Amino acid sequence: MAQRRSRGPGREHNDRVRLVTAIVIDGREIARASRARTAERVAAFTVANGYAPGLATILVGSDPASAVYVSNKRKAAAEAGLVDVHHHLSGDAAHEDVADLIDRLGGDSRVAGILLQLPLPANLDKSALIDRIVPKKDVDGLTARNQGRLARGEPGLRPCTPAGVIELLDSARVKVEGASATVIGRSDLVGHPAAELLLRRGATVTIAHSRTRDLPAVASQADILVVAAGIPGLVGADHIKKGAAVIDVGIHRTATGLSGDVRFDEAASVAGWITPVPGGVGPMTIATLLANTIAAAESAAKDLANRGIQ
Ligand code: NAD
């Protein structure tokens, strides 16, 4: 589903060796389908419970990129039928102000999910504020509780971008179980949880990072290569095993538009599957946020119903 070939298949002149051409995984289409499924669940929830679940977004300060990200999330939430609950605090907000707001939203039964937009101003304790979010409403999957559940393979809300990476692989029918997977990047937001998710799905996982020696040698062993280093054009053909699935998480704004961590044209001539930037992982992050929000709402409603029965 939702794939196109980057180039038509070709043959070398002696007809013995077929050129491998990558299937381009269409993240926009896969995200659209995911958002449509979420909208159906939100509609069913609203009918069953008499109210639409809310997604609360908190933006602190006026970082322009963060403002755009939050506005895109709010728009997508409203399109899916979720109630948009937005709070914009000034850049000099005190730690207690943000913590109090998170507590209030945590106690509001109509708010299913809470998203604290990162990065936060430097005077705020990011980890403490993230952990202030009730784990059941942590739709970004970043609290210590949810990251611990992920590490232990227990159910919980998963970080949006890494979960989106897995959905892209599944939609493209890339076999994860038994595959050798390398994740470039070990951040709490992307690289580390992506590696955990791949591990839980039965891949043999290597995590490469800024201290890795000979990145091309490590990366080119992988059947699945997830690139989340935040360095434009870091990965080229010499990092890629022939026929591998290459998922480019990087996003960089350039004078000519968005680009990723992977040099697309040369990578596409070696890879079996590849995600473009834009139109690959990016749209999946918001789609997963919405899916996490309705899952949180359904789970909260189930908890309430169970308590009512007791
Ligand atoms: P980060 O800076 O927190 O982490 C980068 C990681 O890459 C680090 O673990 C570092 O060790 C590793 N790294 C740096 N240089 C390296 C090198 N030369 N070789 C190997 N590893 C190296 O970044 P992040 O938050 O994980 O984001 C990574 C990229 O993904 C960024 O471009 C970011 O904009 C993008 N991103 C995209 C989405 C999306 O929705 N598509 C979401 C989040 C982040």
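Whatever order the structure lists ligands and atoms in, that order sets their numbers, starting from 1. It should be emphasised that the depicted structure is a prediction, and the values quoted were computed from it without experimental measurement.
Tested against Cys160, the residues Val165, Leu189, Asn292, Val139 include a single side chain to side chain contact (heavy atoms under 4.5 Å, CB included) partner, Asn292.
Within 4.0 Å of ligand 1, protein heavy atoms come from Thr161, Ile184, Gly185, Arg186, Ser187, Leu189, Val190, His209, Ser210, Leu215, Ala228, Ala229, Gly230, Ile231, Leu234, Val249, Gly250, Ile251, His252, Val281, Gly282, Thr285.
Leu59 belongs to a hydrophobic cluster whose remaining members, ordered by chain and number, are Val70; membership requires side-chain heavy atoms of ILVMFWY residues under 4.5 Å apart, directly or through intermediates. Under a 4.5 Å side-chain heavy-atom criterion applied to ILVMFWY residues, the cluster that includes Val277 comprises Ile251, Leu258 as well.
Ion pairing between Lys75 and Asp84 fails under the 4.0 Å rule for side-chain N and carboxylate O. Using a 4.0 Å cut-off between charged side-chain N and carboxylate O, Asp170 and Arg201 make a salt bridge.
With sequence neighbours left out, Asp92 forms a side-chain hydrogen bond (donor to acceptor under 3.5 Å, both in side chains) with Ser90.
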